[in-house]
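Data block below; observations after.
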Amino acid sequence: MRHALLLPLALLTAAAPADRTTITSPRDARRLAENKGVTLQWIDWNTRGSVRVVRGSSWRLTATQAQAGGSGRLFVDGTVTEIGKGFFTLRGTIRMTDTPDIGRRCEATKDWHFAITQNRRYYRLREFEWCDGLTDYIDIHF
């Protein structure tokens, strides 16, 4: 006969705590929430894609950019785990397809680091050569 382990009902029904976005810079949180789009240099520096940020205890970021008249695409999706002075960290997926060349496909799911450098008006992905040796500049503008 099996013996059941008796646990308090609260432990059986409680949901695991959700990941919370840690915010140590309200200024950078505002910049990210009020962003002005995303660019991948292979697609277009001047015509930005869209970035959607859903705020709550855990912030969700989704960004897309599509090449005008072509098949190049950028997709970013994940949870913002930390926003600090001049940076944010995203846990999620980045995918690039058909850019700069048809048939190129790069995709990875991990922790990504974006930061402002040299007083620029965007957060730049700090993992430049994460796929196949090409330097990819992914920028979230503010």
Side-chain angles (χ1 to χ4, degrees), residues 2 4-142:
R2 289 188 177 165
L5 178 62
L6 298 176
L7 295 173
L9 183 58
L11 290 178
L12 293 173
T13 59
D19 289 336
R20 292 187 175 274
T21 300
T22 301
I23 299 172
T24 58
S25 172
R27 179 181 185 196
D28 286 274
R30 186 176 58 256
R31 285 175 168 171
L32 188 57
E34 298 172 358
N35 73 81
K36 294 182 171 61
V38 64
T39 55
L40 168 63
Q41 92 272 21
W42 308 120
I43 294 177
D44 195 334
W45 287 108
N46 299 312
T47 304
R48 297 176 183 168
S50 65
V51 179
R52 181 171 180 242
V53 177
V54 177
R55 294 178 283 177
S57 61
S58 178
W59 288 34
R60 185 91 187 165
L61 182 146
T62 304
T64 59
Q65 186 183 22
Q67 181 182 19
S71 59
R73 299 287 183 270
L74 169 67
F75 174 76
V76 180
D77 182 57
T79 300
V80 178
T81 58
E82 183 178 7
I83 303 170
K85 185 175 180 180
F87 76 93
F88 72 92
T89 303
L90 179 82
R91 178 170 294 141
T93 301
I94 295 180
R95 180 173 54 248
M96 298 178 293
T97 54
D98 292 329
T99 186
D101 302 307
I102 300 296
R104 181 178 189 230
R105 180 176 171 86
C106 298
E107 182 172 344
T109 300
K110 63 185 213 108
D111 286 347
W112 303 96
H113 307 283
F114 289 79
I116 300 168
T117 60
Q118 302 173 353
N119 295 317
R120 293 181 170 129
R121 301 279 305 159
Y122 50 79
Y123 297 94
R124 176 162 281 172
L125 178 67
R126 303 312 299 164
E127 290 85 8
F128 299 111
E129 299 172 359
W130 59 273
C131 177
D132 54 8
L134 289 179
T135 301
D136 301 302
Y137 295 119
I138 298 174
D139 301 326
I140 308 271
H141 300 264
F142 57 86

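We number each residue from 1, following the sequence as shown.
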Which residues pass the side chain to side chain donor-acceptor pair (under 3.5 Å) test with [X], sequence neighbours left out?
| X | answer |
| --- | --- |
| Asn35 | none |
| Thr97 | none |
| Arg104 | Asp132, Asp136 |
| Thr39 | His141 |

### Query
Under the side-chain contact (heavy atoms from CB on, under 4.5 Å) criterion, do Leu40 and Asp139 qualify, and how do the steps go?
CA-CA 7 Å; Leu40 168 63; Asp139 301 326; over 6 Å; no
Hey, could you give me the [atom1]/[atom2] distance between [X] and [Y], rounded to the nearest 0.5 Å?
| X | Y | atom1 | atom2 | value |
| --- | --- | --- | --- | --- |
| Arg20 | Ser57 | CZ | OG | 4.5 Å |
| Arg91 | Thr21 | CZ | OG1 | 10.0 Å |
| Leu134 | Gln41 | CG | CD | 8.5 Å |

#### Entry: Arg31: side-chain contact (heavy atoms from CB on, under 4.5 Å) partners, not counting sequence neighbours
Arg27, Asp28, Ile116, Tyr123, Phe142
### Query
With respect to Ile83, which candidate in Thr24, Thr89, Thr22, Ile23 satisfies the side-chain contact (heavy atoms from CB on, under 4.5 Å) definition?
Ile23
### Query
Do Asp77 and Thr93 have side-chain N/O donor and acceptor atoms under 3.5 Å apart?
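Judged by distance alone, the side chains do not pair up.
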### Query
Does Arg126 count as lying over the ring of Phe114, i.e. NZ or CZ under 6.0 Å from the six-ring centre, within 45 degrees of the axis?
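Relative to the ring axis of Phe114, which defines the angle, Arg126 lies outside at least one limit.
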Going by heavy atoms in the side chains, are [X] and [Y] under 4.5 Å from each other?
| X | Y | value |
| --- | --- | --- |
| Thr64 | Leu74 | no |
| Thr62 | Val51 | no |
| Trp59 | Val53 | yes |
| Met96 | Cys106 | yes |
| Val38 | Ile138 | yes |

### Task
Output every pair passing ring-ring contact (aromatic ring centres under 6.0 Å, His included) with a member in residues 94-113, not counting sequence neighbours, ordered by first then second residue.
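Listed once each, the pairs are Trp112-Trp130.
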### Task
Could you list all the ring-ring contact (aromatic ring centres under 6.0 Å, His included) pairs where at least one residue sits in residues 23-43, not counting sequence neighbours?
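For residues 23-43, and leaving out neighbouring residues, there are no ring-ring contact (aromatic ring centres under 6.0 Å, His included) pairs at all.
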### Query
Can any side-chain N or O of Glu107 pair as donor or acceptor with the backbone N or O of Ile94 at less than 3.5 Å?
no
### Message
If we ignore hydrogens and angles and just use 3.5 Å, is the side chain of Gln65 paired with the main-chain N or O of Thr47 as donor and acceptor?
### Response
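Here the side-chain-to-backbone pair exists.
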### Query
So does Phe128 have more than 12 non-hydrogen atoms from other groups sitting under 6.0 Å from CZ?
yes
#### Entry: Within 6.0 Å of CZ in Arg55, more than 12 heavy atoms from elsewhere
no
According to salt bridge (Lys or Arg N to Asp or Glu O under 4.0 Å), who are the partners of [X], at least two apart in sequence or on a separate chain?
| X | result |
| --- | --- |
| Asp98 | none |
| Arg73 | none |
| Asp44 | none |
| Arg52 | none |

### Query
What heavy-atom pair brings Ser25 and Gly84 nearest, and what distance separates the two atoms?
CB-C, 3.5 Å
## Note on the structure
Residue pairs meeting side chain to side chain donor-acceptor pair (under 3.5 Å), one or both in residues 78-88, sequence neighbours left out, come to Arg60-Thr79
